[in-house]
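Below is one structure, written out as structure tokens; comments come after it.
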Amino acid sequence: MEDQYRPQTIEAEAQAYWQEHETFRAREEDPRPKYYCLSMFPYPSGRLHMGHVRNYTIGDVVSRYKRMQGYNVLQPMGWDAFGLPAENAAMEREVPPARWTRENIAAMTEQLKGLGFGYDWSRELATCDPDYYRWEQWLFTRLYRKGLVYRDTAAVNWDPVDQTVLANEQVIDGRGWRSGAPVERREIPQWFLRITDYADELLDALDRLEGWPEQVRNMQRNWIGRSEGVELSFELAGRDEQLTVFTTRPDTLYGVTYMGLAPEHPISLELAERNPAIAELVAEARAGGTAEADLATREKRGADTGLEAVHPLTGERIPVWVANFVLMEYGSGAVMAVPAHDQRDWEFATAYGLPIRPVIQPADGSSAPIDEGAFAEYGVLIDSGPFTGMPSAEAFTAIAERLESEGRGQRRTQYRLRDWGVSRQRYWGAPIPMIHCEQCGPVPVPDDQLPVRLPEDVAIRPGGGSPLKTMPAFYETTCPDCGGAAQRETDTFDTFMESSWYFARFACADQEHAMLDGRADQWTPVDQYIGGIEHAVLHLLYARFYHKVLRDEGLVSSDEPFTRLLTQGMVLKDGAKMSKSKGNTVDPQALVDRFGADTVRLFTMFAAPPDQSLEWSDSGVEGAYRFLRRLHALVRDHVARGPAPGLDADALSETQRDLRRKVHETIAKASDDIGKRFTFNTAIAAVMELCNALGKAQEDDSDGGRAVMQEGLETAVLILAPIAPHLCHHLYFQLGHETPVVDAAWPQADEQALIRDQVELVVQVNGKLRGHVTLPADAGEDQAREAALAEANVQRFVADKTIRKVVFVPGKLINVVAQ
RNA sequence: GCCGGGAUGGCGGAAUUGGUAGACGCGCUCGACUCAAAAUCGAGUGGCCAUCGGCCGUGUGGGUUCGAGUCCCACUCCCGGCACCA
């Protein structure tokens, strides 16, 4: 065995071994229970960053651990290869996005292999390959025919100088990132997927996703934002028109004192032509864009329209105002304002001197103070005609029923979630498989003409927009229905389309004749999914939606794609997120080159639990390296003494038994930490403790001592095998095994070895630590009490007091309560 | 504003069910080895007082309990998400 720990040699050998033996190839015919472990696939930006290393190390540790537990593990890897950075790079370096992307994939593949991740590379996929996106196009045309796809207008950020659409992240302080011109909002036609059809299922199923962090489930609940209420109509006096509003508080209906219209409401727009005050509000709403920080701090402003609405129950005339706090995008763009019981309505009413009429009082009969703000809680109705005296909940139903019976309203469920706009006015994405025909309208591309290939040999020019729009060879086509001249859609898909089903495609990446086959149902759902919290809502919601769509198409049979989810924390340096702009990045490759992949993996797993943020520390990395070197030396020195004799547990000395107990305690703790709690840091700490203890026992050259040493070192190697797989691969062979550690079984704690015949009890007086006593493990309370009171230090504290009670916790402590 | 999560030595963190606070690692101090340094190995390392040992200590203030980092109430600050959502 080499005298020195040389990670470069050891790691190259281990990786060559895995490759040669196809160690990580997952096979469908394997009879063991399947375990699908997936880390979120990366965008091929060119180089791995620390966030990737952390994410993929966690996934690899889980995969290797599950493999040792006897599962047939699938751990694939691929590339989320479409997206904006490739277009930006194309402009900067004059290289086509396709080439840039494929070069990055090649480079990053090498990095991943160098880190020793156990991926089944035979299933590798890149979403920019036509063999991949053709099936997404295929599904889209099916969903179109099914009615789950529709076309509507939606606002985009338009750069008037570059004549192009900008992504939100390309808009900086309301200006185009390249041109610096103020960005305009433009309404253009786009394709939508009816995710709202699945809103209820997406929401309700969250309750059953017990393997997901509560935080993520909550974020999705808020995002979907279901609210139950009543939709009702107010007649407009003197106009042949009604104002429809949604309210979650029909019980406050008698407190309506004005109506609020969004500035972009059709009525507001119409009145703006004659009314300068309204026109100003409209202009402000348009200019403000979507900058939420402005909105939140914006002062409540409005203008009287002069119109009057008629209260549906009392017939009272109510003024209609245009109000800048009413959103056109939510509900109907109009609200009934109840200033006594809604804070926003209250602020607006106060600003413009509108009446505030309380109709709810607290259930205890006190009167709610509405001078300082609205009373927004439930209570009992007052001054509400026939509903006076009812509790809010009862009034909700009664008023809703009254409105329904009069045909003036109905109960309704409203969602914050909107349909998913999947059109992007970009080049580097999957072409949307639709054809626009003047005669037939939009027509889906027939299956036998799929895929619609994205031309890859293109030049991207600044300010030129998507090259597809200027490529007749791409967009000129004939209508599949009437055969006349027609134009292809030149927009491409949102890249979330590709990442919404890749997990299923990994199961059957080589399938040429279908989107998915039976293997997809065999491997999915993903048992453990690992990725960044930044995908808590969009990616994870879209993927859940897509999975249900795939299910309804008969392609998979499960309801949810990801059984368990682990969201890893950020990697920080000097307390801040690593980023190029802050200049605090650490290049993983430089560390791998210097210390080896095992050290980088070990430190990453040791420095913090996976869901917390990880503070980078160069000296911590060196500490991890030192530990691996010590482990290497321990095995080297042990092996140098020749093969260890067999273990005779009954013949061990007390010291040897103590050490062996430590070995098995470590197994028990590490199994719990890695298998159940996912706290890899504490499992590593336990192994470090074990190694410290083994190091102190090195002089024991007896048969028993050497046998326990062998068992201890094997244990350390087995537990660390998922975390530092290369070194453990090497050491396991050195310890005399003929099969690789990657195929070894996870160690089991020996209950017999865990038994203690002596226990140390903590002795407290009035809850304060005053000493320790060592007793036989089966000692009872009387014996413990006697021993505790015999302690000199305990005597000092109870001498002049009366013992009132003794608390005994077997195996733990004895507390003498004295006064 | 609302919804999550958090605050523990000089630093990262541990304490799983209310039972020895600070495991493990980093850093630091001292010692061994060395001409010297690095590396390595050994010892120590929450603060204060001290002879055994004691007092204080887990963001702040209160409470429950024989016993609280852990449970309850009120609050401060930090991080993440959402937000005039009717």
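Just so we're clear, the structure is a prediction, and the values are computed from it rather than from any experiment. Keep in mind that the numbers below use all heavy atoms, side chains included, and drop hydrogens, waters and symmetry copies. In what follows, chains are A, B, ... by sequence order, proteins preceding strands, each numbered from 1.
Residue A:R796 has no polar side-chain atom (N or O) positioned under 4.0 Å from OP1 or OP2 of B:rG53. At B:rA15, one or more side-chain N or O atoms of A:R677 fall inside 4.0 Å of OP1 or OP2 (strictly under the cut-off). Under 4.0 angstrom from either OP1 or OP2 of B:rC24 there lies no side-chain N or O belonging to A:R630. OP1 and OP2 of B:rC66 both lie 4.0 Å or more from every side-chain N or O belonging to A:R770. Within the 4.0 Å cut-off from OP1 or OP2 of B:rG81, not a single side-chain nitrogen or oxygen of A:N218 is found. Residue A:R416 places none of its side-chain N or O atoms closer than 4.0 Å to OP1 or OP2 of B:rA86. Distances shorter than 4.0 Å separate some side-chain N or O of A:N692 from OP1 or OP2 on B:rG25.
For B:rC77, the paired base is B:rG6 (Watson-Crick or G-U wobble, both distances below 3.5 Å). Nucleotide B:rG1 forms a Watson-Crick or G-U wobble pair with B:rC82, both donor-acceptor distances falling under 3.5 Å.
Rounded to the nearest Å, the gap between the P atom of B:rG61 and that of B:rC56 is 15 Å.
Checked against a 6.0 Å centroid threshold, the rings of A:F246 and A:Y330 do not count as neighbours.
The side-chain tip of A:K300 points at the ring of A:F325 from less than 6.0 angstrom away and within 45° of straight on. Taking the centre and axis of the six-membered ring of A:W223, the NZ or CZ atom of A:R416 falls inside the cone set by 45° and 6.0 Å.
Across all non-hydrogen atoms, the minimal contact from A:R226 to A:D204 is NH2-OD1, 3.0 Å.
In the interface, the side chain of A:Q764 is paired with the base of B:rG19 through a donor and an acceptor atom under 3.5 Å apart. If you check distances only, the side chain of A:N222 never reaches the base of B:rC82 with a donor-acceptor pair under 3.5 Å. Remark: the A:K669 side chain and the B:rU16 base include a donor-acceptor N/O pair separated by less than 3.5 Å.
Atom CZ of A:R785 sits in a sparse spot, with 12 or fewer heavy atoms from other residues, nucleotides or ligands closer than 6.0 Å.
Candidate nucleotides B:rA86, B:rC66, B:rG4 were compared by shortest atom distance to the side chain of A:K805, and B:rC66 ranks first.
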